[in-house]
Amino acid sequence: MGAAVTRAVRNFNLENRAEREISKLKPSPAPRHPSTKTLLREQINSHPEIKGEIARKDDKLLSLLKDVYVDSTDPVSSVQVKDTGAHQKPKEFRLPKDHQFDMMNVKNIPKGKISIVEALTLLNNHKLYPDTWTAEKIAKEYHLEQQDVNSLLKYFVTFEVKIFPPGGKKAIQSK
């Protein structure tokens, strides 16, 4: 929808704008360096036909230019377009496990995926009780692939805050 509006605005009054740009006076050339002024004058004086050649319009080239017609089409994409006749398999959804954080009213989660809260919960459960929360149980409980759960448990950990007592110094007692 947005692309159609953008295209309409971009193409609005296109021909008149193009004609207005073309009919504008051409910018004057940049000023010449003072050291080249004498050389240019000498060349024009020695070859006066150059000045006429520069100002002359070639009618033959102009007529050929008027005959030019450009017709372009977008190239065919190499990516195969999916057949619209084949219906997609409906996705399976599951309900989130805990509703304690409200999760911005998440109603359902596709099977094979988990929410942030669920990921933190299962990581924490596995860290606290690795015997009961095994990778197999987590995969079954959350409808995940076994390989994904193994990778999740191997590469992700929850934060752990450790507070070390000061060694040999008097600790400031909080009131």
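As a basis for the values below, the full set of heavy atoms in this structure was taken, side chains included, without hydrogen atoms, waters or symmetry mates. Counting begins at 1 with the first residue of the sequence.
In this view, Asn16 and Asn13 satisfy the side chain to side chain donor-acceptor pair (under 3.5 Å) rule, not counting sequence neighbours.
Listed here is the closest heavy atom pair of Lys37 and Arg32: CE-O, 4.5 Å. Of all heavy-atom pairs between Trp133 and His126, the closest is O-ND1, 2.7 Å. Closest of all the heavy-atom pairs between Asn150 and Ala135 is OD1-CB, 3.2 Å. The heavy-atom pair separating Leu123 from Phe156 by the smallest distance is CD2-O, 3.6 Å. Contact between Thr134 and Pro130 at its shortest, heavy atoms only, is CG2-O, 3.7 Å. Scanning both residues, Arg17 and Phe12, for their nearest heavy atoms gives NH2-O, 3.0 Å.
Other residues, nucleotides and ligands contribute at most 12 non-hydrogen atoms within 6.0 Å of the CD atom of Gln147. More than 12 heavy atoms of other residues, nucleotides or ligands shown are found within 6.0 angstrom of CG on Asp67.
With hydrogens and angles disregarded, a donor-acceptor distance shorter than 3.5 Å links the side chain of Ser115 to the backbone of Glu118. Within the 3.5 Å criterion, the main-chain N or O of Glu49 finds no donor-acceptor partner in the side chain of His47. Side chain of Asn124 to backbone of Leu120: no donor-acceptor contact under 3.5 angstrom is found.
Taking the side chain as every heavy atom from C-beta outward, Lys57 and Leu62 approach each other to under 4.5 Å. Side-chain contact between Leu64 and Lys66: absent, with no pair of heavy atoms (C-beta onward) separated by less than 4.5 Å. Side-chain contact between Ile138 and Asn125 is absent, with no heavy-atom pair separated by less than 4.5 Å.
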When you look at Lys127 and Thr158, which way does the side chain to side chain donor-acceptor pair (under 3.5 Å) test go after all the steps?
CA-CA 8 Å; Lys127 183 174 79 173; Thr158 55; 3.3 Å; yes
Pair Ile54, Ile50 - check side-chain contact (heavy atoms from CB on, under 4.5 Å), show working.
CA-CA 6 Å; Ile54 292 172; Ile50 291 177; 3.9 Å; yes
